[in-house]
Amino acid sequence: MLLPVTESRRVLRVTALVIAGLVSSASGLAQTAAQGVFPDAAGSWGNFGVGGVAATNGAFFQSLGSNGRSCGSCHVPSDAWTATPAKLLARFQATKGTDPVFASIDGSNCPTLDVSTLAARQTASSLLLKKGLIRIPLSPPATADYTVSALSNPYGCTSKTSVSVYRRIPPSANLQFLSTVMWDGRETRAAASLVANLSQQASDAVTGHAQAVAVPSALAVQSIVGAELAQFMAQVSSSTAGSLIPPAAQGGPVVLAQQDFFAGINDPFGARNTGNGVPPLPVFTLYTPWETLVPRTAAQTAQASIGRGQRLFNTLPIAITRVKGLNDLTDANGVPRTTIIGTCGTCHNTPNVGSHSMPLLVDLGIGASNRATPDMPLITLTNKKTGAFLQVTDPGLALVSGKFADIGKFKVPGLRGLAARAPYFHDGSAASLTDVVRFYNGRFNLNLTAQQEADLTGFLQSL
């Protein structure tokens, strides 16, 4: 279903023109602060709008549908451009559950649930309130090579033709680095530019999530996409390591906005194939001086830990096996990639961003039945030809492509601003970044020491 991006683009050069010279500690932080600096569990993160694009007006924040929602209802500038459980709960309490984000169309676990009382509304929106999960109804293609043979949903949405899945709301900042739009790539169209894909996504969101009776105007869509492409967010300080922006380091959204990008810039399986799964360039260089820092203060001890975590991310060998989307493919010589010796950057390879620099969707087993929790559906898909079946909480790409082989595949997300937007993975199943690190430790038998686990977690928190 997904084809490689054909465009070769860099981050809009207006970025460099607008923010040239703004990466010093004083002016860089001032520009970031002008857009907003907000606390999180690891320190603070900041927004930066290129060209002075405001984060409070325009079509992005206008209700273009029938239920009172705007793009900003789910993609909140002060909530890491997504919606997190803590902030959602505060909105629920302040409005008694009547904020447009809780609209029954997808803000409740199923549109048929009772919302007549405050208690009923809280129960109906439990997944949004506890995990930040929005309901996404998707219909398998008529040409699918599988059937939805069984479906158990604790909330009553049991249609097999419009399958309800529940996913984290992706952040709407740092979009200039996208190679895949949406968790399942359904808004990534072959041979289309990023602007074209985001424009289609914006239109679909207005007619879907906002329940508009007509598609938005071209001018409104242009305004939405322009605002999205102008916004950057990243961590700016650590509660233990101090400042993460220049001159202390190279973190923060102002420096991020200057990051070069084009499709395939660091793809380990592309034209600059290294012969294995290691990308040709180090993925992260934000804290390179800290990798060899000899600490003398408490802050330097935390900085050294972040530096070690960056080095682990870039260089720790990982034997990648049983990952659909990677190990089921062949190399340039037609040899199956049964085992790929790579790093974290094999998938998260976009320089200083951590997304995949080409369209890639993989199945890590996050939605497998052995990880299913009682609050999630269990969906059984049966191969029409072989009779083989799989049970998952979310079929992922398979609901878009119609291919049994694509069950459980999801995009590789970007990693900037992670500390501000827990929980993690498409289903919110990892409550903390420590849980994320532990998942990968177990999934790939990394045998991390306690110090390595702490270093990697601290590094992810600094992004």
> Check whether any side-chain heavy atom of F61 sits under 4.5 Å from a side-chain heavy atom of P77, and report yes or no.
yes
> Taking side-chain hydrogen bond (donor to acceptor under 3.5 Å, both in side chains) as the cut-off, I'd like each qualifying pair that reaches into residues 115-124, sequence neighbours left out, listed once.
D114-S116
> Set out, in order, the CA-CA distance, both residues' side-chain angles and the distance that settles side chain to side chain contact (heavy atoms under 4.5 Å, CB included) for T288 and Q310, then state yes or no.
CA-CA 8 Å; T288 300; Q310 176 175 277; 3.5 Å; yes
> Do you see a donor-acceptor pair shorter than 3.5 Å between the side chains of N174 and W81?
no
> Without swapping roles, check the side chain of N47 against the backbone of G36 for a donor-acceptor pair under 3.5 Å.
no
> Can you give me the closest heavy-atom contact between R421 and T84, atom names plus distance?
CA-CG2, 3.8 Å
> Who pairs with K384 by side-chain contact (heavy atoms from CB on, under 4.5 Å), at least two apart in sequence or on another chain?
T147
> Just how far is it from atom OG of S164 to atom OH of Y155, taken to the nearest 0.5 Å?
11.5 Å
> Kindly give the heavy-atom pair with the smallest separation between V437 and T457, and that separation in Å.
CG2-OG1, 3.6 Å
> Tell me yes or no: between the side chains of T380 and Q391, is some donor less than 3.5 Å from an acceptor?
yes
> Considering only heavy atoms from C-beta outward, does the side chain of F232 approach that of F177 to under 4.5 Å?
yes
> Spell out, as yes or no, whether a donor-acceptor pair under 3.5 Å connects the side chain of Q461 to the backbone of A42.
no
> Considering the options D204, L198, N197, which one meets the side chain to side chain contact (heavy atoms under 4.5 Å, CB included) requirement together with Q200?
D204
> For residues T98 and F102, determine if any side-chain heavy atom of one lies less than 4.5 Å from a side-chain heavy atom of the other.
no
> Between S108 (side chain) and A124 (backbone), is there a donor-acceptor pair under 3.5 Å?
no
> Using 0.5 Å steps for rounding, measure from the CG atom of N266 to the OG atom of S355.
10.5 Å
> Quick check with a 6.0 Å cut-off and a 45 degree axis cone: is R337 positioned over the face of F269's six-membered ring?
yes
> Is there a donor in the side chain of S237 and an acceptor in the side chain of S44, or the other way round, less than 3.5 Å apart?
yes
> Tell me yes or no: between the side chains of D406 and Y146, is some donor less than 3.5 Å from an acceptor?
no
> With respect to S203, which candidate in L64, V215, I224 satisfies the side chain to side chain contact (heavy atoms under 4.5 Å, CB included) definition?
V215
> Quick one: are P395 and I379 in side-chain contact, heavy atoms under 4.5 Å?
yes
> Could you give the distance from OG (S179) to CZ (F261), rounded to the nearest 0.5 Å?
5.5 Å
> Any heavy-atom pair between the side chains of N314 and V283 that's under 4.5 Å?
yes
> Taking all non-hydrogen atoms of both residues, which atom of P268 and which atom of P280 are closest, and how far apart?
CA-CD, 4.2 Å
> Could you check if a side-chain atom of P111 sits within less than 4.5 angstrom of a side-chain atom of C157, using non-hydrogen atoms only?
yes
> Test side chain to side chain contact (heavy atoms under 4.5 Å, CB included) on L463 and R416 and set out the steps.
CA-CA 5 Å; L463 295 176; R416 300 306 295 268; 4.1 Å; yes
> Does any N or O in the side chain of R168 come within less than 3.5 Å of the main-chain N or O of L133, such that one atom is a donor and the other an acceptor?
no
> Determine yes or no for a side-chain-to-main-chain donor-acceptor pair under 3.5 angstrom, with S193 supplying the side chain and A196 the backbone.
yes
> Tell me, do L229 and V195 make a side-chain contact under 4.5 Å, heavy atoms counted?
yes
> Looking at R91 and D79, is any side-chain nitrogen of the basic one under 4.0 Å from a carboxylate oxygen of the acidic one?
no
> Any non-hydrogen side-chain atom of T82 less than 4.5 Å from a side-chain atom of P170?
no
> Has R135 got a side-chain atom pairing as donor or acceptor with S104's backbone, closer than 3.5 angstrom?
no
> Would you confirm whether D145, through its side chain, and F404, through its main-chain N or O, come within 3.5 Å as a donor-acceptor pair?
yes
> Is a donor on one side and an acceptor on the other found under 3.5 Å between the side chain of R69 and the backbone of H209?
yes
> To check you understand the geometry: which heavy-atom pair defines the closest contact between P141 and A398, and what is its length?
CD-O, 4.4 Å
> For G325, is there any backbone N or O sitting under 3.5 Å from a side-chain donor or acceptor partner on D328?
yes
> How about F439 and Y424: are their ring centroids closer than 6.0 Å?
no
> Is there a donor-acceptor contact under 3.5 Å from the side chain of T188 to the main chain of V181?
yes
> Measure the spacing between CD1 of I341 and CG of N276 and express it to the nearest 0.5 Å.
8.5 Å
> Which of these, N349, D267, T350, sits in a side chain to side chain contact (heavy atoms under 4.5 Å, CB included) with P279?
N349
> Below 4.0 angstrom, N of the basic side chain to O of the carboxylate: do D375 and K130 qualify?
no
> If we ignore angles and hydrogens, is there a donor and acceptor under 3.5 Å between the side chains of Q235 and D40?
yes
> Got a sec, which pairs hit salt bridge (Lys or Arg N to Asp or Glu O under 4.0 Å) with one end in residues 452-463, sequence neighbours left out?
R308-D455, R438-E453
> Would you compute the distance between atom CD of Q231 and atom NE2 of H75 and round it to the nearest 0.5 angstrom?
13.0 Å
> How long is the span from the CG atom in N153 to the SG atom in C110, to the nearest 0.5 Å?
6.5 Å
